[in-house]
There are 4 protein chains.
Amino acid sequence: MCIRDRTSSNGGGAATGEHYLPLATTEGALLASVNRGLGVIRTAGGADARVTKNGMTRAPVFRVKGVAEAAETVEWVNDNVDALAEAAESTTSHGELLDVEPYVVGDSVYLRFAYDTKDAMGMNMATIATGEACEIVEAETPASLVALSGNLCSDKKPAAINAVEGRGRSVTADVLIPGELVEERLHTTADAIAEANTRKNLTGSAKAGSLGFNAHAANVVAAAFLATGQDEAQVVEAANTITTMDARQREDGASDLYASVSLASLEVGTVGGGTKLPTQSEALEILGLRGGGEPAGSNADALAEIIAVGALAGELSLLAALASRHLASAHEDLGR
Amino acid sequence: MCIRDRTSSNGGGAATGEHYLPLATTEGALLASVNRGLGVIRTAGGADARVTKNGMTRAPVFRVKGVAEAAETVEWVNDNVDALAEAAESTTSHGELLDVEPYVVGDSVYLRFAYDTKDAMGMNMATIATGEACEIVEAETPASLVALSGNLCSDKKPAAINAVEGRGRSVTADVLIPGELVEERLHTTADAIAEANTRKNLTGSAKAGSLGFNAHAANVVAAAFLATGQDEAQVVEAANTITTMDARQREDGASDLYASVSLASLEVGTVGGGTKLPTQSEALEILGLRGGGEPAGSNADALAEIIAVGALAGELSLLAALASRHLASAHEDLGR
Amino acid sequence: MCIRDRTSSNGGGAATGEHYLPLATTEGALLASVNRGLGVIRTAGGADARVTKNGMTRAPVFRVKGVAEAAETVEWVNDNVDALAEAAESTTSHGELLDVEPYVVGDSVYLRFAYDTKDAMGMNMATIATGEACEIVEAETPASLVALSGNLCSDKKPAAINAVEGRGRSVTADVLIPGELVEERLHTTADAIAEANTRKNLTGSAKAGSLGFNAHAANVVAAAFLATGQDEAQVVEAANTITTMDARQREDGASDLYASVSLASLEVGTVGGGTKLPTQSEALEILGLRGGGEPAGSNADALAEIIAVGALAGELSLLAALASRHLASAHEDLGR
Amino acid sequence: MCIRDRTSSNGGGAATGEHYLPLATTEGALLASVNRGLGVIRTAGGADARVTKNGMTRAPVFRVKGVAEAAETVEWVNDNVDALAEAAESTTSHGELLDVEPYVVGDSVYLRFAYDTKDAMGMNMATIATGEACEIVEAETPASLVALSGNLCSDKKPAAINAVEGRGRSVTADVLIPGELVEERLHTTADAIAEANTRKNLTGSAKAGSLGFNAHAANVVAAAFLATGQDEAQVVEAANTITTMDARQREDGASDLYASVSLASLEVGTVGGGTKLPTQSEALEILGLRGGGEPAGSNADALAEIIAVGALAGELSLLAALASRHLASAHEDLGR
């Protein structure tokens with residue numbers, strides 16, 4: 001099943017204008033939920049979305065004899081990022097090495113390489129480039145490569161390093177919804193939604209020891225990933241999302257609803273991998289985002305922003321449903 | 001794309017005998033990797049797998065006036081689990097309430113309801129049953145329901161509560177592989193794989209602040225979920241997986257490889273949701289696991305165990321590849 | 001250095017009445033901060049505090065051959081908690097075994113024993129009792145003890161299992177402060193404090209991947225621990241604290257401030273360990289909490305509640321200071 | 001109570017030569033444990049220790065209107081680190097701004113400022129300097145300061161951002177202990193200790209959702225902090241420690257024990273705060289580390305390294321005790 005619904009995103013960035021959000025899912029309630037949220041966002045004048053950080057990472061782990069060699073290796077790496085960049089970039093026509101961050105645990109040294117991989121999701125590009133850079137590290141330092149991925153990348157695992165520092169695109173979307181619209185269309189109030197969000201998404205997630213402070217961002221991301229040919233297992237990192245909802249008091253005493261989602265680690269591309277499959281390629285084509293963007297990276301940025309707006313719509317709709325207490329009955333009515 | 005490869009799982013439980021593992025993915029390297037791992041496991045005599053805990057959870061959040069009312073509510077709940085069970089179970093012919101665990105944060109009270117939902121993944125069943133129980137809580141205590149899900153469930157978020165206490169099935173699979181087989185088929189040694197696993201999956205994940213101590217369990221789970229009609233967004237919790245690999249020294253001085261995966265929160269079902277779609281239903285049919293099991297719950301247990309063995313195969317193969325340093329070149333050769 | 005300031009705690013529980021909060025610290029700004037907060041709480045009519053959960057834990061780790069033996073061990077433990085209780089309780093005149101929770105990771109089985117240790121902090125009691133119970137486990141199951149502590153206890157480490165499930169006392173304190181009082185004494189508004197708390201303690205902590213959603217609860221706990229003879233290293237778990245602050249709108253349109261702290265894992269005792277030292281014993285004497293309480297456990301409960309109120313005072317004062325922007329200047333003025 | 005025992009640390013860095021480790025604690029078993037570990041380390045030829053990263057952080061939180069302003073603020077900050085450094089450093093004669101890292105969550109922008117504060121622990125220095133820099137941010141961007149600390153610092157909270165990126169000193173200490181010495185003095189084997197460490201400190205901590213993969217580093221740090229005038233509440237961050245222990249096979253077939261501790265966020269100073277108190281000042285004097293070092297920062301580095309070696313000794317001794325099963329009886333014998 002696949003719907004295409006229109007969202008609009010004002011205010012600049014690649015996600016301006018009107019876009020379709022392609023979703024592939026078997027859950028009827030999800031489509032209805034996102035549709036309702038997108039409708040409210042559209043009526044409110046559209047959402048803003050921005051990629052604020054970008055970097056695909058790969059972090060090999062090296063063995064050293066002990067802490068003295070570890071310190072020596074770290075020092076060499078910090079002094080020779082240019083040499084590592086030259087080696088890494090020799091393997092790719094598009095990728096750029098942005099940063100190398102060293103971490104020491106006993107006789108293990110981890111180097112987290114971050115790349116701008118433009119319109120590619122870029123994990124393979126990052127892996128190959130890092131492999132080349134590792135040869136320099138091994139030649140110039142006492143460190144010996146143990147594994148090309150040492151889990152500080154961290155790919156497809158629920159890791160704080162991604163939630164904090166990002167992986168792929170760090171993207172935020174938000175919208176300001178007039179109080180009247182909240183009442184008419186969502187059948188509740190800005191204050192009630194804000195309270196539900198704080199007790200559930202913030203305090204509840206805090207008590208759960210969570211890295212994801214949202215209601216169901218993964219639902220929207222999973223459906224959008226399937227529809228646009230992304231790596232389905234990277235839904236894991238996409239769930240590192242924080243949703244905020246606040247009642248903003250107006251001069252006239254009424255309250256509008258400010259809602260945002262911040263996805264720390266959304267890994268998407270518009271070239272390579274599953275994006276080349278017929279249906280997925282067509283979905284990207286309809287979005288105007290098939291293949292490489294102009295400038296390079298802008299298509300993947302735009303895709304990240306569109307998915308973020310979709311996640312925002314899903315959060316809005318579900319929080320409103322919870323606040324007005326009809327989650328269980330929605331599932332009963334819409335099936336799955 | 002979809003392959004079906006044979007795995008075997010000896011030693012009891014629903015996963016004994018020989019099974020096909022249906023996977024749907026666009027990543028060529030993944031299929032090759034799992035295939036290689038399954039081949040080695042089969043030659044080693046098969047894997048063991050066991051579900052050691054089972055419970056689908058839903059955790060509403062209530063508002064109270066303050067800590068005095070919170071304490072009063074907790075006390076009432078602890079004293080009246082039977083009444084809550086009666087209410088919850090009145091909404092379902094299959095589900096059983098296993099436990100209700102209260103958590104207090106200021107003027108919020110969270111109640112984590114855990115259900116045995118048999119062969120259903122059970123999230124909707126748990127939601128509806130919990131909705132009914134909440135009415136009793138509201139009637140008998142000062143607590144007022146704010147949201148039917150308060151994120152201590154925790155659904156589709158990377159939360160420690162799931163990694164620690166489990167959600168859906170907690171399932172472990174393991175295998176003991178003779179050292180000779182490791183060398184012949186994986187082109188490395190038990191010691192080298194154990195070292196790579198410790199530095200990457202244990203120490204590396206520790207340094208990354210991760211809840212997932214594995215290489216790529218989510219890859220296998222995502223592909224198996226697509227093929228068998230599970231909820232794709234629940235790959236998030238499936239990534240709460242710990243992989244261990246140790247060299248076990250034999251009497252003759254050689255070392256065998258002990259490898260295990262423990263998935264804390266694997267949410268699967270063989271009835272309801274996407275399992276009813278034609279292709280997915282067929283995949284379950286081939287596994288002999290379509291519909292409800294005998295006894296109830298045994299089909300979902302078996303599916304969890306089969307997926308765990310698939311994840312074990314993927315871990316084995318990738319760790320071996322890393323240990324023998326051909327991750328990058330494998331991606332280059334097999335494409336994606 | 002040591003001050004004793006008066007706090008009051010109304011509304012029931014052992015912490016009712018008026019108490020002194022003994023603190024030992026070298027940081028001048030901290031004492032001033034807690035004093036200010038306590039003054040405001042007192043004027044507001046006092047704080048409420050309640051212990052909502054209690055259990056000192058110890059979690060040995062056992063080696064098994066593999067998952068089949070792990071499942072067998074878990075099943076035996078679940079069926080024989082009474083036998084384990086008998087063994088454990090044979091070593092102690094006061095302690096009671098409350099619960100044993102099994103966890104499986106590959107060929108390791110962890111059993112988390114939780115005890116009511118009454119007025120003792122109880123870690124040694126729990127260790128000795130668990131040692132006795134382990135002998136039964138070894139005798140009756142295939143499991144072999146590797147270490148009497150397997151880190152699922154978890155003692156003196158920043159672990160989610162404590163933040164979620166608690167260790168020692170789980171205690172919450174709260175207060176409702178009239179808006180007028182906030183303005184007069186804290187020189188800011190309920191709305192401003194609530195905003196600062198949400199952006200800093202909730203959203204900021206979320207983004208930091210934290211298990212502690214508070215400003216500086218550890219400061220107050222560390223000083224109170226030193227003064228009353230607690231284990232200073234257990235400040236680590238005490239930091240698993242969530243602070244909430246909300247503006248509650250009144251009928252007349254003005255806003256009062258609701259503030260709470262929830263310490264998930266506060267490990268305190270009034271007998272044993274450092275509580276027997278002269279100065280520390282005197283501090284407990286002044287609180288009326290020296291030695292065992294009547295009923296057993298009530299003195300340690302009361303101490304936990306008093307410390308929680310102290311932490312609440314510290315949070316209030318610091319959040320107010322941040323909201324009114326004089327944190328840096330306070331440090332400049334008051335030195336440290 | 002306060003003991004001073006000798007440790008030695010070979011191999012370079014400020015921690016070379018022989019040092020006393022001053023500890024203040026009421027726990028008899030702890031002193032005996034550290035003493036035993038230090039004795040073994042000394043006999044093995046001493047430990048190595050290195051500070052591999054250094055930076056005291058403070059992270060204010062700003063309010064913006066929405067994501068568009070957030071992106072604008074981030075861009076300005078990334079382009080104007082020099083201006084921020086000039087402002088920040090105008091408030092201090094010693095401190096240097098090393099880095100400013102922006103993080104966006106909806107309409108909140110967090111800027112994590114990291115400083116080299118030389119021989120001071122530096123939190124107040126960092127706070128004051130950051131306050132000055134915030135005025136520039138407010139003047140030049142749409143961002144408005146909400147709180148001078150936004151919890152991404154993160155001070156005295158168990159936060160992944162510290163465990164991953166460090167705060168204060170990131171310091172590692174290690175030692176290689178001949179197998180014979182392990183057997184003679186610790187009454188167990190390298191293999192047994194390595195197994196206990198893996199099952200407890202690595203796998204057990206993983207299952208506990210922990211940021212601390214050690215046995216009791218906080219015990220040693222708390223005692224050393226009290227003795228040398230550090231901020232006792234910062235024991236919280238010190239617990240972000242990973243302990244590794246491996247059996248390294250020798251050519252002759254026997255196994256030596258490699259042991260390390262890596263403290264990600266150890267916040268220490270030799271000037272300011274409690275270091276000026278008489279007893280604490282004397283303790284630093286005996287270490288040869290009182291006041292500012294030459295070059296600046298070297299005394300605090302050395303203190304961090306000495307404490308790390310103390311933590312290593314404590315880990316060694318406790319792991320050996322667990323491996324040889326006498327933890328409970330040690331507590332019984334040595335009291336507390």
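Scope of the values below: all heavy atoms of this structure, side chains included, with no hydrogens, waters or symmetry mates. Chain identifiers are assigned alphabetically (A, B, ...) following the order of the sequence lines, protein sequences preceding nucleic acid strands; residue numbering begins at 1 within each chain.
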- Message: Is A/D155 close to chain B through its backbone or its side chain, or both, or neither, when contacts mean heavy atoms under 4.5 Å?
- Response: backbone
- Query: chain B: which of A/K157, A/E165, A/R199 shares the most heavy-atom pairs with it under 4.5 Å?
  - Reply: A/R199
- Item | Residue among B/V61, B/T130, B/L145 with most heavy-atom pairs under 4.5 Å to chain A | B/L145
- Message: Looking only at heavy atoms and a cut-off of under 4.5 Å, which of A/G106, A/S154, A/A147, A/C134 has the most pairs with chain B?
- Response: A/A147
- Task: With a 4.5 Å cut-off on heavy-atom pairs, point out which of A/P60, A/A159, A/A208 contacts chain B the most.
- Result: A/A208
- Most heavy-atom pairs under 4.5 Å with chain A, out of B/A206, B/S205, B/A163, belong to B/S205
- Task: Could you have a look at B/N151, B/I161, B/L319 and say which one has the most heavy-atom pairs with chain A under 4.5 angstrom?
- Result: B/N151
- Nearest 0.5 Å, what's the OG1-CG distance between A/T25 and A/L226? 8.0 Å
- Do A/L111 and A/Y103 touch side chain to side chain, with heavy atoms closer than 4.5 Å? no
- Message: Quick check: do B/Q234 and B/R167 have side-chain heavy atoms less than 4.5 Å from each other?
- Response: yes
- Are any of the side-chain heavy atoms of A/E267 and A/Q230 separated by less than 4.5 Å? no
- Query: B/A238, B/A217, B/A215: which one forms the most heavy-atom pairs within less than 4.5 Å of chain A?
  - Reply: B/A215
- Item | Contact origin within A/A223 toward chain B - heavy atom pairs under 4.5 Å | neither
- Task: Search all heavy atoms of A/C153 against all heavy atoms of A/A59 and return the closest pair with its distance.
- Result: SG-N, 3.1 Å
- Note on the structure: What one should report as the nearest heavy-atom pair of B/V34 and B/G310 is CG1-O, 4.2 Å
- Using non-hydrogen atoms only, which part of B/R63 is less than 4.5 Å away from chain A: side chain, backbone, both, or neither? both
- Pick one: which of A/N197, A/N219, A/T243 meets side chain to side chain donor-acceptor pair (under 3.5 Å) with A/E315? A/T243
- Item | Side-chain touch A/L30/A/H216, heavy atoms, less than 4.5 angstrom | yes
- Item | Proximity breakdown for A/A222 and chain B, heavy-atom pairs closer than 4.5 Å | side chain
- Roughly how far, to the nearest 0.5 Å, is the OG atom of B/S262 from the CZ atom of B/F213? 12.5 Å
- Side chains of A/S33 and A/S317: do they bring a donor and an acceptor to under 3.5 Å? yes
- Task: Go through B/S108, B/A192, B/A218, B/P158 and name the one with the most non-hydrogen pairs under 4.5 angstrom from chain A.
- Result: B/P158
- Given B/G204, B/G212, B/A196, B/A239, the one with more heavy-atom pairs under 4.5 angstrom with chain A than any other is B/G204
- Message: Taking side chain as everything from C-beta outward and backbone as N, CA, C, O, which of these in B/N162 sits under 4.5 Å from a heavy atom of chain A? Side chain, backbone, both or neither.
- Response: neither
- Pick whichever of A/L277, A/V164, A/N214, A/V105 has the most heavy-atom pairs under 4.5 Å with chain B. A/N214
